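A quick note: this is a predicted structure, and the numbers were derived from the prediction, not measured. Below, chains carry the letters A, B, ... as their sequence lines are ordered, and counting in each starts from 1.
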Amino acid sequence: MVHHIVGAVFVLIGALFLFLGALGIVRMPDLYNRMQTGTKATTLGNVLTMLGLGIMHPAWLLKLTLIALFVLFTNPISSHALARAAHRVGVPMTPLTVKDTLKDKKPVVKEAEV
Amino acid sequence: MANLLLELALAIGAAGTLLAVVRLVKGPRAASRAVALDVLTLITMPMMAAYGLYAGRQIYLDVALVYGILSFLGVTALARYADRGV
Amino acid sequence: MQRLPSILIAIGPLWLLWIALTGSTDPEELVAGGIVAVLVAVLAGGEPFSPASLKIFQPRRFAYALAYIPYMIWAIIVANFDVARRVIAPKMPIRPGIVTVKTKLKTPVGRLALANSITLTPGTLTVDICGDELCIHWIYVAHEDIEGATREIVEGFEKYLEVIFG
């Protein structure tokens, strides 16, 4: 029974990280910072939840590991693709931004409202 | 006890999805909405798995995995479309 | 036919993935998985595998690859707590910006691994790669110059990845 409680605590901490990720996308001032907090503070939440569920129910561990690995491999790719596309079409950065070396390198093409 | 903790975790996850929906509605542009959608998936996937354990049905794990794959394809396709048009 | 070695290498991991996903060692499942693995490997032309992928089994590379896993886990945990702190703090201590860093890695797969590792640790997000330079969005810019940013973001990962993919 103890492993049930330990696993459930992991799931709870994971859920808290997921919540923080969602809070981040509401609070952060521009797209890029939302991406920082939103799509990536949630990776640890994801992995912790899967780990907790695996502790609670070891028979599922293999599949839960696969889901966690899937998130770890695809998440950076989709957030990178989204960030690059957003920068190319000129989604504005917050006034807090201190530096943008990418902008100096390439002219920003303004296209549709994305 | 463990069930209670699971229910609490599910409730926190649900609150998280609500926040993500706030950003989904507010935007401002399509890119921000795409991020909100991505986060929505990332929260829903582990919550599906947790609910699967709570309900004692393994099939929810497969649902979560397929949901993740579809969302990844969707976000990547959207980014590619914004990048150079289909 | 020059892709043939890559295709043959790709079949192995794909088949293992099928077995892990179905979670059964039933002969029927194994045969079905084998057929699907061959089909996918041929359709993808063996990407992203190549005969060079087998070098991972050299003892030194393999040891570094194993050591990289706990290093990466620790980096993700530390960075996640850092970002969580920034989200909760009422004044939101952020100082965002896009900085340029340089990498010594030469192979495309190595650069992919570096870019993914940087993106996975919250606080840094790879926006673009041009040649040996990566443009990285940083939630709290500590160094604006290339040398400082490279030291801070890249070198920890590079130490391992240079051996694994170099």
Side-chain angles (χ1 to χ4, degrees), chain A residues 16-17 19-33 35-45 47-48 59-60 62-63 65-67 69-88 93-94 96-106, chain C residues 16-17 19-23 69 72-73 76-90 92-101 112-131 133-146 149:
Chain A
L16 274 174
F17 269 100
F19 178 79
L20 282 180
L23 187 66
I25 64 166
V26 174
R27 288 198 70 197
M28 286 296 163
D30 71 347
L31 174 87
Y32 307 95
N33 291 305
M35 217 171 266
Q36 293 275 16
T37 54
T39 64
K40 288 179 293 117
T42 46
T43 43
L44 185 65
V47 174
L48 280 177
W60 290 11
L62 183 66
K63 199 153 231 176
T65 313
L66 279 177
I67 300 179
L69 280 179
F70 171 78
V71 170
L72 285 179
F73 276 105
T74 59
N75 198 10
I77 297 173
S78 61
S79 51
H80 151 71
L82 211 51
R84 193 177 65 163
H87 200 276
R88 286 242 172 116
M93 301 180 82
T94 167
L96 291 170
T97 307
V98 291
K99 198 176 168 76
D100 184 359
T101 53
L102 187 56
K103 200 169 162 186
D104 313 334
K105 233 174 245 175
K106 284 182 201 148
Chain C
L16 282 179
L17 183 65
I19 295 170
L21 275 175
T22 54
I69 296 171
M72 195 63 216
I73 292 174
I76 291 176
I77 292 175
V78 169
N80 260 294
F81 273 96
D82 184 62
V83 170
R85 182 176 61 82
R86 292 186 199 286
V87 172
I88 301 173
M92 279 202 296
I94 57 172
R95 192 168 178 267
I98 296 182
V99 295
T100 306
V101 298
L112 172 76
L114 178 69
N116 264 12
S117 305
I118 288 172
T119 308
L120 257 182
T121 46
T124 47
L125 169 78
T126 313
V127 180
D128 214 340
I129 301 184
C130 8
E133 289 185 343
L134 286 82
C135 292
I136 291 172
H137 184 269
W138 203 353
I139 200 167
Y140 193 90
V141 178
H143 306 275
E144 291 191 24
D145 55 314
I146 293 183

Turns out that what part of A/Leu66 lies under 4.5 Å from chain C's heavy atoms comes down to side chain
So, the part of C/Leu21 with a heavy atom under 4.5 Å from chain A: the answer is both
Just do the side-chain contact (heavy atoms from CB on, under 4.5 Å) check on A/Gln36 and A/Met28 with the steps written out, would you? CA-CA 9 Å; A/Gln36 293 275 16; A/Met28 286 296 163; over 6 Å; no
Applying a strict 4.5 Å limit to non-hydrogen atoms, the region of A/Leu72 in contact with chain C is both
query = Does the side-chain contact (heavy atoms from CB on, under 4.5 Å) test come out yes or no for C/Arg95 and C/Trp138, once each step is laid out?
reply = CA-CA 8 Å; C/Arg95 192 168 178 267; C/Trp138 203 353; over 6 Å; no
Yes or no on side-chain contact (heavy atoms from CB on, under 4.5 Å) for A/Phe17 and C/Phe81, after CA distance, side-chain angles and deciding distance? CA-CA 9 Å; A/Phe17 269 100; C/Phe81 273 96; 3.9 Å; yes
Heaviest contributor of heavy-atom pairs below 4.5 Å to chain C, chosen from A/Ser79, A/Ala85, A/Pro76, is A/Pro76
If one checks every heavy atom of C/Thr124 against chain A at 4.5 Å, the contacting part turns out to be backbone
Open item on the list: Please determine whether side-chain contact (heavy atoms from CB on, under 4.5 Å) holds for the pair A/Met35 and A/Leu82, giving the CA-CA distance in whole Å, both sets of side-chain angles, and the decisive distance to 0.1 Å.
Closed with: CA-CA 9 Å; A/Met35 217 171 266; A/Leu82 211 51; 3.8 Å; yes
Assert top hit (heavy-atom pairs under 4.5 Å, partner chain A, pool C/Val141, C/Asn80, C/Ile139, C/Thr126) equals C/Asn80
When the 4.5 angstrom heavy-atom criterion is applied to C/Ile88 and chain A, the contacting part is both
Kindly say whether C/Pro93 contributes a backbone atom to a donor-acceptor pair with the side chain of C/Arg86 at under 3.5 angstrom? yes
Of C/Leu112, C/Ile73, C/Leu125, the largest count of non-hydrogen pairs under 4.5 angstrom with chain A goes to C/Leu125
Applying a strict 4.5 Å limit to non-hydrogen atoms, the region of A/Leu44 in contact with chain C is both
So NE2 of A/His80 and CD1 of C/Ile136: to nearest 0.5 Å the spacing works out to 11.5 Å
Flag yes if more than 12 heavy atoms outside C/Tyr140 fall under 6.0 Å of its OH atom; otherwise flag no.
no
